[in-house]
Amino acid sequence: MKKNLLMGILAIFSATCTYALETAKVYFWNDKGSAKIKTINLQKQPDGAMRAVVPVVDITRDLKWVDILADDATAKKGEKGFFVLGDSSYGEFTQDKGLYKPYWPHMPIFGMKNAKSTWVAIVKGLPLEQKPVIKAENGIYTLFTRLNVKEMYFDAYEDFIVDFYKLDNDAGYSEMAKVYRKYQLDRGEVKLLRERIKNNPSLAYTADSIYVRIKHARKKAQKGIASHHRQTVGNEPEMEIFFTFDDMADIMKRMKATGIDKAEVCSVGWNVAGHDGRFPTYFPVEEKIGGEKKFREVIQYGKDLGYNINCHINQVSVFEISDRWKDNGIAIRPDGKPYITIRPAPGGDLHWACYQRVHDMWIKDDYLKIRDLGLNGVFHIDVMAYIGAYPCCDPKHPLNRKQTAEYMNKVGEYTDKIFGGYASEGGQDHCARTLDFALYLWSYPAWEGKPELLATKYVPLYQLVYNGIIMSNPYYTTIDALYPKSYSTSDQRKAYDYLENPENRWLKLIEYNGRPIFYYSDYTDLKPMKRAYDEWQQLKHLQLELMEYHGEIAPKVSLIRYGNGDEIVVNYSDEAFQYKGIDVPSKSYKFYKKSILESLTFWK
């Protein structure tokens with residue numbers, strides 16, 4: 001009798017309870033703000049993932065959004081745990097109300113640790129068309145991915161697929177990152193940097209050197225002046241000169257004299273009319289800074305000093321002043337208008353290029369002609385990996401976002417073939433297959449979030465996935481990290497006082513294993529550059545290592561561990577911190593080499 005009663009209670013319990021990561025709700029939103037809700041069962045995959053699928057036939061053009069919310073993707077205010085999104089934003093459950101969705105999602109992953117479970121999700125179908133959303137209402141947090149159907153501009157071209165991976169309860173964001181890293185490596189989407197540098201001296205040098213960018217010149221385009229928006233060769237604004245080619249030679253000479261033996265030097269604005277001058281037209285080399293003959297001499301001079309020399313171009317930007325304007329190379333929005341993002345940039349109103357046209361019409365001639373200048377460094381393509389893949393709705397060369405990403409990677413593959421590798425301004429995931437170095441990953445001035453946006457800080461999720469695969473510098477603010485800077489308090493993201501302190505910015509670069517970059521300095525004082533170069537010598541091998549762990553081991557004290565066993569402790573606090581018997585002074589860091597750690601463990 002008791003056994004039958006117990007079995008009955010268990011049957012009722014099983015019928016009324018939802019188990020973690022077994023079901024998900026799909027919300028089909030219309031333009032009027034209402035949604036049809038469908039509950040789906042998650043399907044077990046061979047790798048252990050629980051898969052949510054919205055078939056392509058259900059993603060109709062009359063919808064605005066499609067949301068996928070797993071049964072275990074909720075938490076309450078005050079509950080222990082956190083969420084993390086693909087742009088490396090992180091938050092705990094502290095707010096009653098708020099909303100955050102990344103402007104650029106970077107990686108198609110998101111995860112949550114709550115009282116019920118710990119899990120991470122990978123968007124594997126339509127990843128370029130979605131963004132994760134974290135929302136709090138009345139103290140209840142929900143984390144879901146949202147497919148922007150209205151902004152797709154084309155019919156859905158594949159199923160909307162999200163795979164959820166349940167992790168151990170003690171797992172953190174480091175373990176979440178490893179799931180995505182394994183997925184990327186196992187399917188061959190990316191390859192380890194240590195493998196790619198074999199028989200590739202240009203890329204090997206990049207991994208072993210600091211990065212010095214020298215901006216030569218740009219035009220003084222101003223808002224409100226009509227001719228500055230629609231420029232011609234006859235009316236383009238006056239150009240301001242920052243560094244001539246002779247100046248570039250002098251900077252390199254002084255760098256070498258200080259003991260900086262390995263640097264990759266990038267010439268920015270070498271092209272006709274300077275930086276953003278007449279893109280995507282590059283030649284002739286700008287005469288006002290020395291012209292082609294002098295440029296060739298300076299390139300050879302830098303190489304003779306032992307430096308690798310590369311240059312900067314921009315394929316995304318198309319200006320009306322370019323002689324390629326007639327090539328029908330710009331991307332078109334669904335309303336028939338071009339994408340115009342800056343009014344005006346130095347070369348006029350900035351139009352985005354269609355990447356099919358970039359690949360098919362321009363790069364082959366450009367690259368061979370540019371390489372012929374004598375360059376031997378990894379090539380820098382501005383913007384391409386910084387922005388999300390965008391569609392082109394021109395009926396003569398239409399591309400959805402996936403097709404644009406494919407053409408971007410075709411450009412990357414050709415760049416690797418001609419120059420040995422390529423760098424870009426950011427690290428968007430759709431370029432991960434071919435990207436070697438990200439100039440900076442995030443442009444906002446601070447690395448702390450806002451409570452009302454729910455994301456309370458940023459963590460090195462990208463580095464936990466891609467360190468040892470893609471080199472990077474974390475923030476716009478960590479460029480010229482050891483040089484003094486000031487930030488306007490009127491910035492929309494708010495400038496934090498500690499950003500003006502070079503030591504704080506340097507610590508952040510160390511914590512995130514950034515490659516030291518110099519760009520906006522006037523290069524009169526090379527002492528900060530030399531200090532960065534010297535300190536980096538004991539750390540630069542970590543560019544080839546996987547980052548296995550990052551976490552806060554005490555308030556304002558971070559521990560980073562690498563695949564070879566090396567560790568770094570970064571102490572932002574006002575007090576010294578002791579780790580394994582060694583003091584880490586306030587506002588400093590300590591590098592613990594594996595061999596030293598082993599001896600410390602032995603003697604302990």
Side-chain angles (χ1 to χ4, degrees), residues 29-31 54-66 104-105 125-131 146-160 229-232 278-281 313-345 347-366 381-414 428 430-431 433-434:
W29 293 93
N30 61 29
D31 283 329
V54 179
V56 66
V57 296
D58 292 344
I59 306 170
T60 54
R61 295 288 287 273
D62 60 318
L63 294 170
K64 183 177 183 181
W65 300 319
V66 176
W104 303 116
L126 297 174
L128 298 173
E129 310 292 349
Q130 60 80 44
K131 291 181 181 179
R146 167 164 287 170
L147 184 69
N148 297 295
V149 181
K150 281 294 182 187
E151 296 177 12
M152 216 180 314
Y153 304 147
F154 292 88
D155 291 335
Y157 43 85
E158 60 193 25
D159 295 344
F160 187 23
H229 289 263
R230 302 192 65 180
Q231 295 178 20
T232 67
R278 298 181 190 172
F279 292 155
T281 297
I313 68 165
N314 186 326
Q315 301 162 337
V316 176
S317 304
V318 181
F319 297 111
E320 199 167 350
I321 191 175
S322 170
D323 58 10
R324 287 172 166 172
W325 179 259
K326 64 183 183 298
D327 290 343
N328 186 35
I330 63 172
I332 299 298
R333 301 171 63 91
D335 60 4
K337 297 179 180 179
Y339 293 89
I340 301 179
T341 56
I342 301 176
R343 297 174 181 262
D349 288 350
L350 191 157
H351 306 74
W352 283 0
C354 171
Y355 255 87
Q356 179 183 341
R357 308 296 281 173
V358 171
H359 176 268
D360 292 350
M361 293 191 305
W362 299 331
I363 65 169
K364 290 181 174 60
D365 289 340
D366 288 343
I381 305 173
D382 204 24
V383 182
M384 184 166 76
Y386 180 72
I387 60 176
Y390 51 88
C392 174
C393 299
D394 190 316
K396 293 185 284 297
H397 42 82
L399 298 176
N400 60 37
R401 284 184 174 84
K402 184 175 183 179
Q403 291 167 328
T404 293
E406 288 169 353
Y407 271 102
M408 287 178 167
N409 279 302
K410 286 181 180 181
V411 170
E413 288 165 0
Y414 187 67
Q428 291 286 348
H430 66 273
C431 290
R433 186 195 319 164
T434 52

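- In this structure, Asn314 contributes its side chain and Ser317 its backbone to a donor-acceptor pair below 3.5 Å.
- A distance-only check finds no donor-acceptor pair linking the side chain of Asp382 to the backbone of Ile313 [under 3.5 Å].
- Between Phe319 and Leu350, the closest side-chain pair of non-hydrogen atoms falls below 4.5 Å.
- In this structure the side chain of Val56 never reaches within 4.5 angstrom of the side chain of Tyr157, judged on heavy atoms.
- Annotation: side chain of His359 is not in contact with side chain of Tyr414 (no heavy-atom distance under 4.5 Å).
- The nearest pair of heavy atoms linking Met384 to Met408 is CE-O, 3.7 Å.
- Put simply, CD1 on Ile381 and OG1 on Thr434 are 8.0 Å apart, with the number rounded to the nearest 0.5 Å.
- Considering CG of Leu128 and OG1 of Thr404, their distance stands at 9.0 Å, rounded to 0.5 Å.
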Residues 327-340 side chain polar contacts: donor-acceptor under 3.5 Å, at least two apart:
| from | atom 1 | to | atom 2 | distance (Å) |
| --- | --- | --- | --- | --- |
| Asp327 | OD2 | Trp362 | NE1 | 3.1 |
| Asn328 | ND2 | His397 | NE2 | 3.4 |
| Asp335 | OD1 | Lys337 | N | 2.9 |
| Tyr339 | OH | Pro391 | O | 2.8 |

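- Using a cutoff of 4.0 Å between basic side-chain nitrogens and carboxylate oxygens, Arg61 and Asp155 are scored as salt-bridged.
- A donor-acceptor pair under 3.5 Å is formed between the side chain of Asn400 and the backbone N or O of Gln403.
- Nearest heavy-atom pair across Ala353 and Gln315 is CB-O, 3.3 Å.
- Side-chain contact between Asn148 and Trp65 is present, with at least one heavy-atom pair separated by less than 4.5 Å.
- Side chain of Gln428 to backbone of Tyr386: a donor-acceptor contact under 3.5 angstrom is found.
- Atom NZ in Lys131 sits 12.0 Å away from atom CG in Leu147 (nearest 0.5 Å).
- Here Cys392 contributes atom SG and Gln356 contributes atom CD; the two are 8.0 Å apart, rounded to the nearest 0.5 Å.
- Residues Tyr390 and Leu399 form no side-chain contact, since every pair of their non-hydrogen atoms from C-beta on lies 4.5 Å or further apart.
- One distance of note links CZ of Phe154 with CZ of Arg401; it measures 9.5 Å at 0.5 Å rounding.
- Tyr355 is not listed as a side-chain neighbour of Lys410, based on a closest heavy-atom distance of 4.5 Å or more.
- Nearest heavy atoms, Ala389 versus His430: N-CE1, 3.5 Å.
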Exercise. Checking salt bridge (charged side-chain N to carboxylate O under 4.0 Å, His left out) for the pair Lys402/Glu129: CA distance, chi angles, key distance, verdict?
Worked result: CA-CA 9 Å; Lys402 184 175 183 179; Glu129 310 292 349; over 6 Å; no
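- In this structure, Tyr407 and Asp360 have side chains that are in contact, with non-hydrogen atoms separated by less than 4.5 Å.
- Partners of Asp62 by side-chain hydrogen bond (donor to acceptor under 3.5 Å, both in side chains), not counting sequence neighbours, listed by chain and number: Thr60.
- One distance of note links CE of Met361 with CG of Asp366; it measures 10.5 Å at 0.5 Å rounding.
- The side-chain contact (heavy atoms from CB on, under 4.5 Å) test applied to Ser322 returns Pro280, Thr281, Arg324, not counting sequence neighbours.
- Asp31 places no side-chain N or O within donor-acceptor distance of the main-chain N or O of Lys64, the cut-off being under 3.5 Å.
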Problem set entry | Stepwise side-chain contact (heavy atoms from CB on, under 4.5 Å) check, Leu126 with Val54 | CA-CA 10 Å; Leu126 297 174; Val54 179; over 6 Å; no
